[in-house]
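All values below come from the heavy atoms of this structure, side chains included, with hydrogens, waters and symmetry mates left out. As the structure is a prediction and not an experimental result, all values here were calculated from the model. Just so we're on the same page: letters track the sequence lines, and every chain starts at 1.
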2 protein chains.
Amino acid sequence: MTARRKPAIIETGSLSYGMLPGLLGFHLRRAQVSLFKHFARTVGQVAGITPGLFGMLQVIAANPGLAQSRLAEAMEVERSTIVKVVDQLEARGLIVREPSAVDRRSHCLELTELGRAELARMEQLVLAHEAELAAKLTPEDRQELTRLLIQLAD
Amino acid sequence: MTARRKPAIIETGSLSYGMLPGLLGFHLRRAQVSLFKHFARTVGQVAGITPGLFGMLQVIAANPGLAQSRLAEAMEVERSTIVKVVDQLEARGLIVREPSAVDRRSHCLELTELGRAELARMEQLVLAHEAELAAKLTPEDRQELTRLLIQLAD
DNA sequence: CGGCTTTTGTTTCCTTGGTGAACAATATCC
DNA sequence: GGATATTGTTCACCAAGGAAACAAAAGCCG
């Protein structure tokens, strides 16, 4: 190697991210990591839940009697992934698998009383978390961001 | 259970997401999943790389001689996480760990010739991927989205 | 009706990123 | 020179997810 070595003295602040700042994915990921950490500090720490599990719970609550396969489609994950999620939520007493009256293969997911109570509590925390996030943007910007994200996701 | 059972007949299309559509995190996640899948189809399949690894490679390329600890800070992950990443990239012959001249504890990360060539190829694929994504938005909207994401991430 | 085909939930194994704790070697500070 | 901090590493873990195989149950079709 005959090439001259570059200085290689790089302070944390002045470090280059190459082409990354020109990519939507980079900023999308940063925003999500930031949001996720905020969720963990505010909602997660208090209610012991992750964004993913909260989302599952929301969909189950909003669609009583939902079969696991439908939930998998809604969340765009495989059926085998749903099994673990449902196991967790059931183990915590938040939901139950009830046998379907019309199809003996499928399980109807339902919230328990505890599940309803816990979800209500979580929702308050999530709304507070959302409000803190939204404070970084004007109401119009928040609306605009939502619109653009939907457009990007198709 | 004496309560009347709700119909529980829910077609995939007409299923409710509860309060999720009102949350930024929901749309952020959807957009990212969509983008990630697109990246996997276009860049990943061809160049065998993930958004995460590509990002690491970019930062290493843009900051020759970077120490692993600095990289960890830049990517906001733990040092122990970086070890595996560097192992992978080194195993593929894209980078090398060179001993630092000034600190015998630290390793200076450098791209190899192969690494530079591969990265250049990846960059072309990434730019094409980005262009396809950006096609969903007007140029102004893309700019606006970037601005809002940065603002949200702090 | 009876035989294929599909769907549903499940289990098992694997992969990907990531964490935290402990550790040896090396720097740094007082 | 001795305490303290930093660097890279290993190891054991965890969470989210996917793939494949499977049994039970539905559904289809001749």
Point to revise | Quiz item: cation-pi between R29(B) and F54(A), 6.0 Å / 45° | key: no
Does [Y] offer a backbone N or O that forms a donor-acceptor pair with the side chain of [X] under 3.5 Å?
| X | Y | value |
| --- | --- | --- |
| Q58(B) | M19(A) | yes |
| T112(A) | L94(A) | yes |
| E90(B) | R97(B) | yes |
| Y17(B) | A74(A) | yes |

Contact list (N/O, under 3.5 angstrom) for nucleotides 3-7 of chain C vs protein:
{"residue": "dT7(C)", "atom": "O2", "partner": "R105(A)", "partner atom": "NH1", "Å": "2.4"}

Exercise for review: Could you say whether R97(A) or K84(A) is positioned toward the 5' end of DNA chain C, judged by the nucleotide with the nearest heavy atom to each?
Suggested key: R97(A)
Practice item. Starting from the 5' end of DNA chain C, give me the residue, A67(A) or V102(B), whose nearest nucleotide shows up first. Key: A67(A)
How many Å lie between [atom1] on [X] and [atom2] on [N], as a whole number?
| X | N | atom1 | atom2 | result |
| --- | --- | --- | --- | --- |
| E98(A) | dT8(C) | CD | P | 19 Å |
| I82(B) | dG18(C) | CD1 | P | 8 Å |
| Q68(B) | dT26(C) | CD | P | 16 Å |
| L53(B) | dT15(C) | CG | C1' | 13 Å |
| L89(A) | dG9(C) | CG | P | 15 Å |
| E78(B) | dG20(C) | CD | C1' | 8 Å |
| H107(A) | dT10(C) | NE2 | C1' | 9 Å |
| R29(A) | dT16(C) | CZ | C1' | 13 Å |

Review point. Is S80(B) touching bases, backbone alone, or none of the nucleic acid, heavy atoms closer than 4.0 Å?
Key: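 The answer is base, as S80(B) lies within the cut-off (heavy atoms under 4.0 Å) of a base atom.
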Practice item. Would you classify V77(B) as touching base, sugar-phosphate or nothing, given that sugar-phosphate means primed atoms plus P, OP1 and OP2, and contacts are heavy atoms under 4.0 Å? Key: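 The residue V77(B) makes sugar-phosphate contact but no base contact.
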Point to revise | Atom CD of Q143(A) with >12 non-hydrogen neighbours under 6.0 angstrom | key: no
Practice item. Extract, from 5' to 3' on DNA chain D, the first and final nucleotides lying under 4.0 angstrom from some heavy atom of chain B. Key: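 From 5' to 3', the first and last contacting nucleotides are dT6(D) to dG17(D).
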